[in-house]
Every structure is written in C-alpha cells, then in structure tokens.
Amino acid sequence: QVQLVESGGGLVQAGGSLRLSCATSGIIFAVHDMAWYRQAPGKQRELVAAIMRGGRRNYPDSVNGRVTISRDNGQDTVYLQMNSLKPEDTGVYYCNAASYGNMYWGRGTQVTVSS
C-alpha cells in the first residue's frame, strides 16, 4: 500500500533553512508525480514544489529560487530543501503523490518560521 511520511519540520528563524523529507512506500517515481503542498492556518492548501514523472520540476513564483525538490530513487525519498525562509512560509507541509485516478497524502510536518 502507499504510505507517505514527512519529517524534518521545526522552528526556524527567518532567513534560515530546512530540509523536509518524505519517505515513501508503494510509490514508483516513473509512475507517480510527487509534490509538496503547504497549508497555513486560515489559508488554502497551496503547491510548493512538484517533480513530475520524468523529472520535470515546477515551482510557484512565491517560492521559486528559494526551494528545491529532489528525489532519491534508491531510498524512495523525496526532499524539499528550503532556504531564505520567511514567516509566510509557516504552515503544515504535506507530501503528495499522484497517478492517474489516485491521490495520496502524508500526515504533514509543521514548519514554523519566526520573524
């Protein structure tokens, strides 16, 4: 079965960095598109980064230049490296996997950026 487990969140000062990890099972990167989403209190869930099957990456303008999504095929792990963090980056970060007709989510990891 598919499982996604996020880790690496925490409290960091503005300007700092974090690397989030998503440990996957039941996922094959040649089939599934992988992504990180986040949701701040009172806000809609939004895309942070995506890496498609085939390796194409997508970053919204809000984070472009500050985040990098990558995958380690040998460890079945997806990473989100975040630099130059801002208070508005605060939220619960969710790992996402998608294939045709299916969508999977992890439970999330909290990221808090203090000013």
Side-chain angles (χ1 to χ4, degrees):
Q1 71 274 24
V2 172
Q3 286 186 295
L4 307 173
V5 181
E6 302 95 335
S7 62
L11 176 65
V12 64
Q13 280 192 257
S17 299
L18 284 174
R19 189 180 76 161
L20 308 183
S21 298
C22 174
T24 75
S25 62
I27 294 293
I28 181 166
F29 294 146
V31 175
H32 291 87
D33 302 324
M34 303 299 301
W36 287 92
Y37 288 78
R38 69 187 179 194
Q39 188 164 23
K43 300 289 187 179
Q44 296 184 67
R45 184 174 55 193
E46 64 176 344
L47 178 70
V48 180
I51 181 165
M52 316 300 286
R53 54 187 175 179
R56 182 176 63 85
R57 299 169 183 178
N58 182 50
Y59 303 104
D61 289 341
S62 60
V63 300
N64 194 25
R66 300 190 296 117
V67 309
T68 303
I69 188 170
S70 61
R71 63 191 186 195
D72 185 327
N73 194 51
Q75 294 183 342
D76 297 322
T77 303
V78 181
Y79 301 96
L80 183 70
Q81 178 69 45
M82 302 189 291
N83 303 316
S84 301
L85 285 164
K86 305 174 181 179
E88 49 263 46
D89 294 319
T90 293
V92 178
Y93 283 67
Y94 298 94
C95 185
N96 169 265
S99 65
Y100 185 79
N102 292 283
M103 184 82 72
Y104 306 97
W105 298 92
R107 294 190 301 166
T109 184
Q110 176 71 43
V111 171
T112 303
V113 184
S114 62
S115 59

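This chain uses plain numbering: 1 for the first residue, then up along the sequence.
Using a 4.5 Å cut-off between side-chain heavy atoms of Ile, Leu, Val, Met, Phe, Trp and Tyr, with links allowed through other members, L4 and V48 fall into the same hydrophobic cluster. Under a hydrophobic-cluster definition in which Ile, Leu, Val, Met, Phe, Trp and Tyr are linked whenever side-chain heavy atoms come within less than 4.5 Å, directly or via other members, Y37 and L18 are assigned to different clusters. When hydrophobic clusters are built by joining Ile, Leu, Val, Met, Phe, Trp and Tyr residues whose side-chain heavy atoms come closer than 4.5 Å, directly or via intermediates, I51 is grouped together with F29. Tracing side-chain contacts under 4.5 Å through hydrophobic residues (I, L, V, M, F, W, Y), one reaches V63 starting from V113; they form part of the same cluster.
W105 has its side chain out of reach of C95: every pair of non-hydrogen atoms, C-beta onward, lies at least 4.5 Å apart. Counting heavy atoms from C-beta on, the side chains of V5 and S7 never come closer than 4.5 Å. M52 places none of its side-chain heavy atoms less than 4.5 Å from the side chain of N58. Between S70 and R57, some side-chain heavy-atom pair lies under the 4.5 Å cut-off. Counting heavy atoms from C-beta on, the side chains of V78 and W36 come closer than 4.5 Å. Contact check for I69 versus Y59: side-chain heavy atoms found under the 4.5 Å cut-off.
Taking both residues in full, the closest heavy atoms of G91 and Q110 are given as O-NE2, 3.5 Å, listed atom of the first, atom of the second, then distance. Nearest heavy-atom pair across R53 and A30 is CB-O, 3.7 Å. In plain terms, the two heavy atoms of A40 and T90 that are nearest each other are CB-O, 3.5 Å. Scanning both residues, S115 and P87, for their nearest heavy atoms gives CB-CG, 3.9 Å. When all heavy atoms of T77 and S21 are compared, the pair lying nearest together is CG2-CB, 4.3 Å. Taking both residues in full, the closest heavy atoms of M103 and A98 are given as SD-CB, 3.8 Å, listed atom of the first, atom of the second, then distance.
Rounding to the nearest 0.5 Å places CE of M34 at 5.5 Å from CD1 of I27. The CZ atom of R107 sits 10.0 Å away from the CD atom of Q3 when rounded to the nearest 0.5 Å. The CZ atom of R38 sits 8.0 Å away from atom CE of M82, with the distance rounded to the nearest 0.5 Å. Taking CG of L85 as the start and CZ of R66 as the end, the distance is 6.5 Å to the nearest 0.5 Å. For the atom pair OH (Y93) and CG (L80), the distance works out to 7.5 Å, reported to the nearest 0.5 Å. How far CG of L47 is from CG of N96: 8.5 Å, rounded to the nearest 0.5 Å.
In this structure a side-chain-to-backbone donor-acceptor pair under 3.5 Å is missing from T112 to L11.
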